[in-house]
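Side chains are part of it too, since the values below use all heavy atoms of this structure and drop only hydrogens, waters and symmetry mates.
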Amino acid sequence: MASMIERTQHAAERKVFEKLIDSIVGKLQGADSDEARTKVYLQLIDKAQKFWGSSEDDKAKFEFVKEYVKDPNNRWVKFINRVLDETNPQYARKFLLNLGYEAFFRGTKLIRENRKKYDCNIPWLILFDPTDACNMHCVGCWSGTYGHKNNMSYEDMDKIVREGKELGTYLYMMTGGEPLVRKKDILRLAEEHNDAMFAIFDNSTLIDEEFCEKVIELGNITFLLSIEGSPETNDARRGDGHYDAVMKAMDLFKKYGIVYGTSICYTRQNIEAVTDEKFLRFIADKGARFGFYFHYMPVGQNAVPELMPTVEQRAKMVETIRWVRTGDNDIGFFPMDFQNDGEFVGGCIAGGRNYFHINAQGDAEPCVFIHFSNTNIHDNSILEMLQSPLFKAYHEGQPFNRNHLRPCPMLENPKLLREMVEKTGAHGTNAESDETVEHLCAKCDNYAEEWGPVADKIWANQKHSTTGYVNYTKEKAENPELAAFEHADGTIGLRDEDLQLKYGKKAQKEA
C-alpha cells in the first residue's frame, strides 16, 4: 500500500500535470496556425523529457519525436491535429491526464519497479467483465454459452481498480457480455476512480444522448465499438439491426466529441470486408480514430472453427494493417492487430505481462481467450493472482515463440498451453459448458501446423528493429550483460550490435 507521503506526492504531482495539460490543450485547440501548434508540441516534449528521464536512449527517442512533429504535413501530425479539433476540450483534458500522465508516465515507472520487487508480471492494463449478460447472440461467440447469471459485484470491480492502481495499473478495459448492461455501476466506478482510464468493448445498442452527456462530464471513458464490415457481413454474424445501432452510436460520439475506436473480429467470412480501403475510410469519416483487430479464436463449445481465417487470409492481413499504418495513404485511422503485432510488444502480452482478464465469476484468466485459472478475486488480491501458478508459468515461458507472428500459446503453439494447464493444475472457467484444454487446443493443432511455415517465411523477409523479445527471467539471469538493455515495459531487447551478433543466430535457430 502507498504511504501517506507517497499519496501526497502523487496528488501534488498530478495537480502540476493537470495545470500543464489544461494549458497545453488550450494552446493547441486555440492555435491559429500549424507553426503555432508545432511550437506547443515541442514545449510539451521538453516537459515530458524532464519528467521521464535523461538516459542517452531516452534522449535519442525524444529527439526523434521532435523531428517528427516539426513537419505539420506529416500524416500522423495531421492525424493528431484532427483528433484535437474534433474532441470536446473538457473530455480531452481528462483523457490526456489519465492516459498520458497516470498510465504512461507515472504508471509505467511504478510497474517497472514492482516487476522487479515481486518477481512476476505486472500488467499495464486489466480487462474484466462486469457481466456475462448480453442482449445479442453473435455466431461463434463463447459468451453465447455463458448464460446471464454471472455478474461481478460493484465491490469486486472497485477492488480490482484500487489494487491495480497500487501496482501502477491505470488503464481498465471492460468486456462481457455487454458491459453497459451494468451502465449505472460503470459510471459510478469511473466517477469513484476518476484518476484511471476506462475503455469499454461495446455492441453500441445501449448508447444514448444521456449516457454521452455523462461520459463528457467524467472524461475518463472511451469505447471500442464492435463492427464487422458492411451491413451484410456485420449483421450476418451479429444479427439484424446491429449495424444501424453502431452507426447511431458513432454519430453520437462524433456529435459530443468523444474519442472512440473499433473492435473488429476478423473471420474467414468477413476479412475482406473489414480490411477494404473503402470500409476503413468510412469508419474514419464516422470518427473512429483507432481500432483493434482480433483474429477469430475457436474458444468454447459454441465455437465455429470454420470461421478461422485461412493462412493466406492471415498473411494478407499482416500486409494490409501495416500498409494502413505506414503506407502512402491518408486514412485517418490507426489499426492495431492483436495477433500479428507481436513484434512491437515482445510477443504474447497475456498472463499479466501487459494485461490479463478477470471474468464475471471473478476468475483471473491469463488472457480473454484462455479460459483457465488457479485464482479468483473473491479469494485473492490482484498481486496474488499475478503470482498464481498459471500466471507464473506464463511469466517463465514468455515469449512462446521467437517468431512474433506466432505469439500465442493456444493458437500457434497449442502444445505449450496444454503443458502449462497440466503443470499448474488450472481448472476450466466456463461455468455453463466447461471445455478441456485438450478440446480447445485440438481445434488449433492443424491451424498452427499450417500457419507456422507461412509465418516463418514472412518473418524472415521482414526487417526487424531488434533481434526479438528475450525472456527477462531466464535469459537475463544467464546473460547479465542483457540487463543494460531493458525496455520501458521491463522486457529485454538485443539492441547492441555485438549482442545481436552474439545471440542473433541462437534466436533465429529457436524461431
Side-chain angles (χ1 to χ4, degrees), residues 127 136 138-144 173 175 201-204 223-239 242-243 246 250 260-284 286 288-300 302-327 331 333-345 348-350 367-370 404-408 410-412 443-444 446-448 450-451 454-455 458:
L127 175 67
M136 295 179 64
C138 303
V139 176
C141 177
W142 65 77
S143 287
M173 291 185 169
T175 183
F201 287 92
D202 196 79
N203 68 23
S204 299
F223 301 85
L224 297 110
L225 302 182
S226 297
I227 185 171
E228 295 185 17
S230 67
E232 294 75 23
T233 57
N234 185 88
D235 288 2
R237 180 164 182 247
R238 296 187 174 273
H242 177 255
Y243 186 87
V246 181
M250 287 181 166
Y260 78 93
T262 57
S263 173
I264 299 172
C265 176
Y266 58 94
T267 72
R268 187 172 302 192
Q269 294 178 356
N270 72 11
I271 193 167
E272 284 77 20
V274 299
T275 56
D276 183 82
E277 184 176 344
K278 291 181 180 178
F279 169 71
L280 293 168
R281 290 187 181 279
F282 173 72
I283 59 176
K286 295 290 284 187
R289 293 290 159 250
F290 63 95
F292 286 101
Y293 277 86
F294 294 95
H295 186 292
Y296 177 77
M297 298 290 203
V299 176
N302 201 37
V304 183
E306 293 76 20
L307 285 176
M308 294 171 71
T310 65
V311 293
E312 293 81 12
Q313 287 176 322
R314 182 169 174 184
K316 182 65 176 177
M317 173 64 77
V318 175
E319 178 183 326
T320 300
I321 296 301
R322 298 191 184 195
W323 173 78
V324 175
R325 287 200 301 249
T326 62
I331 300 172
F333 177 77
F334 188 88
M336 295 163 279
D337 190 333
F338 190 76
Q339 207 63 28
N340 296 319
D341 279 345
E343 175 183 0
F344 309 109
V345 290
C348 172
I349 64 172
C367 177
V368 69
F369 302 119
I370 306 295
H404 293 322
L405 291 171
R406 301 168 62 187
C408 179
M410 177 190 76
L411 188 65
E412 294 99 1
K443 290 178 285 187
C444 301
N446 289 339
Y447 178 94
E450 292 174 4
W451 173 244
V454 176
I458 296 172

What one should report as the nearest heavy-atom pair of E412 and L405 is OE2-O, 4.1 Å
For a 4.5 angstrom cut-off between non-hydrogen side-chain atoms, does Y266 reach D337? yes
Side-chain heavy atoms of H404 within contact of F344, under 4.5 Å: no
If every non-hydrogen atom of M308 is compared with every non-hydrogen atom of P298, which pair is closest and at what distance? SD-CG, 3.7 Å
Residues forming a side-chain contact (heavy atoms from CB on, under 4.5 Å) with F290, sequence neighbours excluded: T222, L224, V259, M336
Stepwise side-chain contact (heavy atoms from CB on, under 4.5 Å) test for I264 and F279: CA-CA 12 Å; I264 299 172; F279 169 71; 3.8 Å; yes
Hey, does the side chain of Y447 reach the backbone of P305 with a donor-acceptor pair shorter than 3.5 angstrom? no
How close do H242 and N203 get, heavy atom to heavy atom, and via which atoms? NE2-O, 2.9 Å
Let me confirm one number: the SG-OH distance from C265 to Y293, rounded to the nearest 0.5 Å. 11.5 Å
Pairwise side-chain contact, S226 with F201, heavy-atom cut-off 4.5 Å (strictly under): no
Any side-chain heavy atom of N340 within less than 4.5 Å of one from I321? no
Dump the intermediate steps for side-chain contact (heavy atoms from CB on, under 4.5 Å) on M410 and V299, then the final yes or no. CA-CA 10 Å; M410 177 190 76; V299 176; 4.2 Å; yes
I'd like to know whether Y296 forms a side-chain contact (heavy atoms from CB on, under 4.5 Å) with I271, so could you lay out the CA-CA distance, the side-chain angles of the two residues, the decisive distance to 0.1 Å, and finally the verdict. CA-CA 10 Å; Y296 177 77; I271 193 167; over 6 Å; no
Would you name the heavy atoms of F333 and A284 that are closest together and state the gap between them? CB-CB, 4.1 Å
Would you mind telling me which of T310, L307, V304 makes a side chain to side chain contact (heavy atoms under 4.5 Å, CB included) with R268? T310
Heavy-atom nearest pair, K286 first then Y260, reads O-OH, 3.0 Å
Can you check whether I283 reaches M250 side chain to side chain, under 4.5 Å on heavy atoms? yes
K443 atom NZ, over 12 foreign heavy atoms within 6.0 Å: yes
Got E306 and Q269 here, is their nearest side-chain heavy-atom distance under 4.5 Å? no
Side chain to side chain, H295 and F369, heavy atoms closer than 4.5 Å: no
Partners meeting side-chain contact (heavy atoms from CB on, under 4.5 Å) with A315 (sequence neighbours left out): W451, V454, I458
Step through the shown structure and confirm whether more than 12 heavy atoms of other residues, nucleotides or ligands are within 6.0 Å of CD on Q339. yes
Heavy atoms, side chains only, cut-off 4.5 Å: are F292 and M173 in contact? yes
Just to verify, what does D341 make a salt bridge (Lys or Arg N to Asp or Glu O under 4.0 Å) with, not counting sequence neighbours? R325
